Amino acid sequence: MNSIEATNRVSKTRGDIRNIRSKGMVPAIIYGGTEENKKITLSKKQIKTLLEKENFLSNIIKINLEGKEVEVLPRDISYHPTSDEPIHIDFLRIVK
């Protein structure tokens with residue numbers, strides 16, 4: 001099982017999202033289950049290494065979010081139209 005570090009994000013405008021991306025981070029969201037949706041940021045470098053594996057969308061990933069581990073399944077990845085860089089990822093929370 002793969003593991004990745006994440007941080008919470010508070011972004012309200014497109015400019016905030018652009019700043020996150022310019023710092024080498026990828027905005028993402030964790031949804032599902034009974035908990036609230038969580039807006040997070042991930043390292044683009046870590047995401048790219050996971051994306052190189054051909055089974056990224058079918059693997060369970062552990063996201064370390066402020067000392068708490070959340071098991072998720074990647075659901076959707078948005079790519080930049082010209083550079084093919086990941087610009088947003090949706091994760092589905094796995095609930096026992």
Side-chain angles (χ1 to χ4, degrees):
M1 189 178 305
N2 297 314
S3 181
I4 191 167
E5 294 290 325
T7 56
N8 279 325
R9 73 175 158 96
V10 180
S11 56
K12 297 183 180 181
T13 65
R14 289 185 195 176
D16 294 341
I17 298 294
R18 272 191 222 115
N19 287 337
I20 289 170
R21 290 185 183 124
S22 69
K23 293 176 184 174
M25 304 296 278
V26 177
I29 190 162
I30 301 174
Y31 62 88
T34 57
E35 295 181 39
E36 271 189 37
N37 297 347
K38 288 276 189 182
K39 294 179 181 181
I40 60 172
T41 57
L42 306 165
S43 167
K44 187 183 288 187
K45 186 176 180 180
Q46 289 180 336
I47 290 296
K48 281 187 166 185
T49 57
L50 289 177
L51 286 173
E52 289 174 1
K53 298 178 182 179
E54 60 188 58
N55 58 353
F56 175 71
L57 290 173
S58 61
N59 269 351
I60 295 174
I61 298 172
K62 282 189 180 180
I63 295 181
N64 298 324
L65 184 62
E66 296 179 347
K68 182 180 172 185
E69 283 194 345
V70 180
E71 289 186 346
V72 296
L73 194 62
R75 289 284 75 178
D76 187 39
I77 305 169
S78 300
Y79 293 97
H80 191 274
T82 56
S83 66
D84 285 336
E85 297 282 325
I87 57 172
H88 191 271
I89 302 178
D90 291 347
F91 292 104
L92 178 64
R93 186 180 289 120
I94 297 176
V95 181
K96 299 192 190 253

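Below, each value reflects all heavy atoms present in this structure, side chains not excepted, and no hydrogens, waters or symmetry copies. Computed from a prediction, not measured in an experiment: that's the story for all the values here.
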With a 4.5 Å heavy-atom cut-off, do [X] and [Y] have their side chains touching?
X   : Y   : answer
E66 : T7  : no
I47 : I89 : yes
I20 : R9  : yes
V26 : H88 : no
M25 : L42 : no
P27 : K39 : no
R75 : L73 : yes
V72 : Y31 : no

Exercise for the section: Could you walk me through whether I30 and N37 pass the side chain to side chain contact (heavy atoms under 4.5 Å, CB included) test, one step at a time? Expected result: CA-CA 6 Å; I30 301 174; N37 297 347; over 6 Å; no
Exercise for the section: In plain terms, say whether K48 and E85 are close enough for a salt bridge, that is, a side-chain N and a carboxylate O under 4.0 Å apart. Expected result: yes
Exercise for the section: Examine V70 and I29 and state if one hydrophobic cluster contains both, with Ile, Leu, Val, Met, Phe, Trp and Tyr joined whenever side-chain heavy atoms are less than 4.5 Å apart. Expected result: no
Problem - Same cluster (ILVMFWY, side-chain, under 4.5 Å), L51 and I40 - result: yes
Could you pull out the closest heavy-atom pair between [X] and [Y], with the gap in Å?
X   : Y   : result
P86 : K44 : O-CE, 4.4 Å
D84 : Y79 : O-CD2, 3.6 Å
V95 : G33 : CG2-CA, 3.5 Å
Q46 : E5  : OE1-N, 3.6 Å

Can you tell me how far apart [atom1] ([X]) and [atom2] ([Y]) are? Round to the nearest 0.5 Å.
X   : Y   : atom1 : atom2 : result
S22 : N19 : OG    : CG    : 5.0 Å
S3  : I60 : OG    : CD1   : 13.0 Å
E69 : L65 : CD    : CG    : 11.0 Å
D16 : T13 : CG    : OG1   : 3.5 Å
E71 : I63 : CD    : CD1   : 10.5 Å
L92 : D76 : CG    : CG    : 12.0 Å

Practice task
Decide yes or no on salt bridge (charged side-chain N to carboxylate O under 4.0 Å, His left out) for K68 and E35, but give the supporting numbers first.
Solution key: CA-CA 14 Å; K68 182 180 172 185; E35 295 181 39; 3.6 Å; yes
Practice task
Could you tell me which residues satisfy side-chain hydrogen bond (donor to acceptor under 3.5 Å, both in side chains) with H80, sequence neighbours excluded, listed by chain and number?
Solution key: T82, S83
Handout entry: Results of side-chain hydrogen bond (donor to acceptor under 3.5 Å, both in side chains) for E36 - residues two or more places apart only
Key = none
Exercise for the section: Report the C-alpha separation of K23 and T41 in whole Å, then their side-chain angles, then the decisive distance to 0.1 Å, and conclude whether the side chain to side chain contact (heavy atoms under 4.5 Å, CB included) test is met. Expected result: CA-CA 11 Å; K23 293 176 184 174; T41 57; over 6 Å; no
Handout entry: Those residues that, when tested against L57, pass side-chain contact (heavy atoms from CB on, under 4.5 Å) (two or more places apart)
Key = P74, I77
